[in-house]
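The model shown is predicted, which means the values in this text are computed figures rather than measured ones. Below, each value reflects all heavy atoms present in this structure, side chains not excepted, and no hydrogens, waters or symmetry copies. Labels below follow one simple rule: chain letters A, B, ... track the order of the sequence lines, proteins then strands, and each chain is numbered from 1.
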There are 2 protein chains.
Amino acid sequence: MAAGRPREFDPDEALDRALEVFWHRGYEGASLPELTKAMGINRPSMYATFGNKEALFRKAMDRYAEGPAAYVRAALERPVAREAIEQILAGTVALLSDPTHPKGCFAVQGALACGEASEGIQKDLADRRMAGLEAVRKRLERAKSEGDLPDDLDPENLARFLMTIMHGLAVQAAGGATRQQMEQVVKLVMMVWPKNVKRPDRKN
Amino acid sequence: MAAGRPREFDPDEALDRALEVFWHRGYEGASLPELTKAMGINRPSMYATFGNKEALFRKAMDRYAEGPAAYVRAALERPVAREAIEQILAGTVALLSDPTHPKGCFAVQGALACGEASEGIQKDLADRRMAGLEAVRKRLERAKSEGDLPDDLDPENLARFLMTIMHGLAVQAAGGATRQQMEQVVKLVMMVWPKNVKRPDRKN
DNA sequence: CTCTTATTGTACTCCTCGGTACATAAAACT
DNA sequence: AGTTTTATGTACCGAGGAGTACAATAAGAG
């Protein structure tokens with residue numbers, strides 16, 4: 001089989017650049033000229049490699065989940081629930097205030113409100129956020145079954161509370177809040193989050 | 001002075017309709033055809049009355065602050081800080097789950113991320129959110145001076161915590177969260193919010 | 001009734017958008 | 001070598017965006 005002319009760019013790297021633009025501008029606010037310029041390629045190369053703007057955005061979503069947002073999954077693996085939540089919030093603040101990324105959260109500002117043509121993207125992003133909620137909820141269910149969470153607290157409500165904080169911080173960051181300001185909010189949250197029930201080193 | 005042909009629509013009502021469209025679609029996602037159709041007028045009438053799309057959006061911002069979002073100001077006038085905060089959160093949930101309005105918060109999703117051309121709008125909306133933060137902060141400063149807030153709590157941090165909850169709820173609502181789900185979050189917040197220090201009826 | 005003024009509706013303008021045709025270039029295969 | 005295959009770059013396409021020119025219309029002023 002003939003292999004043809006080799007590609008002159010790294011698709012993963014180009015995707016990372018595209019993610020940054022979508023992150024900064026949102027799906028609709030990111031134009032193809034701005035995207036391709038950031039990616040360092042021309043338009044036909046983008047279409048040949050990624051399909052179209054929508055497909056590029058979806059691949060950027062995956063990239064975000066596996067890259068910048070991977071800290072959530074990692075944090076949830078902690079044996080003690082309270083530490084998992086603490087680590088999630090620390091990771092959130094770190095990401096939101098990382099000067100090497102656009103301000104805010106890609107999953108929030110990628111397509112929070114949009115024209116009719118982008119409603120599919122909007123829904124998919126909302127589903128991703130919902131998946132995050134589910135992951136936290138499941139982790140808190142586990143904590144409850146392990147006696148790692150007070151009996152009178154509902155994992156679903158607590159998970160939604162945590163997502164509310166995360167998404168609220170994302171809006172603060174988009175509006176220019178500093179790392180210190182967000183850290184203070186997290187500090188308040190952790191002051192009121194249920195204290196450990198089980199010993200840190202007992203299980204898992 | 002000759003008065004000319006009379007206007008055939010009510011500007012305030014038309015502005016309300018425009019607000020709903022901007023609320024639903026965001027600044028960039030709202031097209032002029034969709035706007036004017038909802039307003040029940042044609043394009044030249046819109047330009048003659050409001051200036052242009054950007055001016056229309058800014059007037060919609062004012063309308064939002066004085067209308068749907070006016071509950072914040074009202075709540076802050078309550079004599080007891082904890083009741084003020086409770087009322088703000090109740091009002092937030094009520095607004096976010098009001099089926100007569102688009103899902104979510106206009107001030108958050110109006111222009112959270114956008115193209116370069118709309119950055120002025122984006123900044124102005126962020127300033128509005130910041131003004132809300134300032135109003136809450138001032139109210140909590142007052143509470144502190146009145147002995148209505150524990151000494152070890154910083155009004156600024158607490159205010160930002162509250163805004164984080166409000167904006168986080170706005171994202172939840174945009175993603176389809178129900179009134180009940182949001183109420184549960186608020187319940188959790190109020191469980192941990194500092195209890196009254198002064199008597200409810202002493203001052204003011 | 002006529003003149004003036006301001007709104008209305010249609011039909012445009014120009015611009016940018018996402019997406020693509022097509023010719024050229026650079027590799028592998030025979 | 002020549003052929004095949006794939007990527008690149010330019011230059012385009014139709015669609016939809018915001019904004020406007022202009023003629024028609026509806027009131028008050030004289």
For atom [atom1] of [X] and atom [atom2] of [N], their distance in whole Å:
X	N	atom1	atom2	answer
A/Glu116	D/dG16	CD	P	12 Å
A/Glu8	C/dA26	CD	C1'	8 Å
A/Phe57	C/dG18	CZ	P	13 Å
A/Leu35	C/dG19	CG	C1'	14 Å
B/Leu32	D/dG19	CG	C1'	8 Å
B/Glu34	D/dG17	CD	P	9 Å
B/Glu28	D/dG16	CD	C1'	15 Å
B/Lys37	D/dG17	NZ	P	13 Å

Salt-bridge criterion met for B/Arg5 and B/Glu8 (N-O under 4.0 Å): yes
Salt bridge check, A/Glu13 against A/Arg17: does any charged N sit closer than 4.0 Å to a carboxylate O? yes
Just by distance, do the side chain of [X] and the backbone of [Y] share a donor-acceptor pair under 3.5 Å?
X	Y	result
B/Arg139	B/Leu76	yes
B/Lys144	B/Leu153	yes
A/Gln109	A/Trp23	yes

Is the count of non-hydrogen atoms from other residues, nucleotides or ligands lying under 6.0 Å from B/Arg73 atom CZ greater than 12? no
Among residues 38-56 of chain A, which ones have heavy-atom contacts with DNA chain C below 4.0 Å? A/Arg43, A/Pro44, A/Tyr47, A/Asn52, A/Lys53
A/Ala117 near the nucleic acid: base, sugar-phosphate alone, or nothing, with a heavy-atom cut-off under 4.0 Å? nothing
Return whichever of B/Pro6 or A/Pro6 has its heavy-atom-nearest nucleotide of DNA chain D closer to the 5' end. A/Pro6
Is the distance from the ring center of A/Tyr64 to that of A/Phe57 below 6.0 Å? no
Do the side chain of B/Arg5 and the base of D/dT25 come within less than 3.5 angstrom through a donor-acceptor pair of N or O atoms? yes
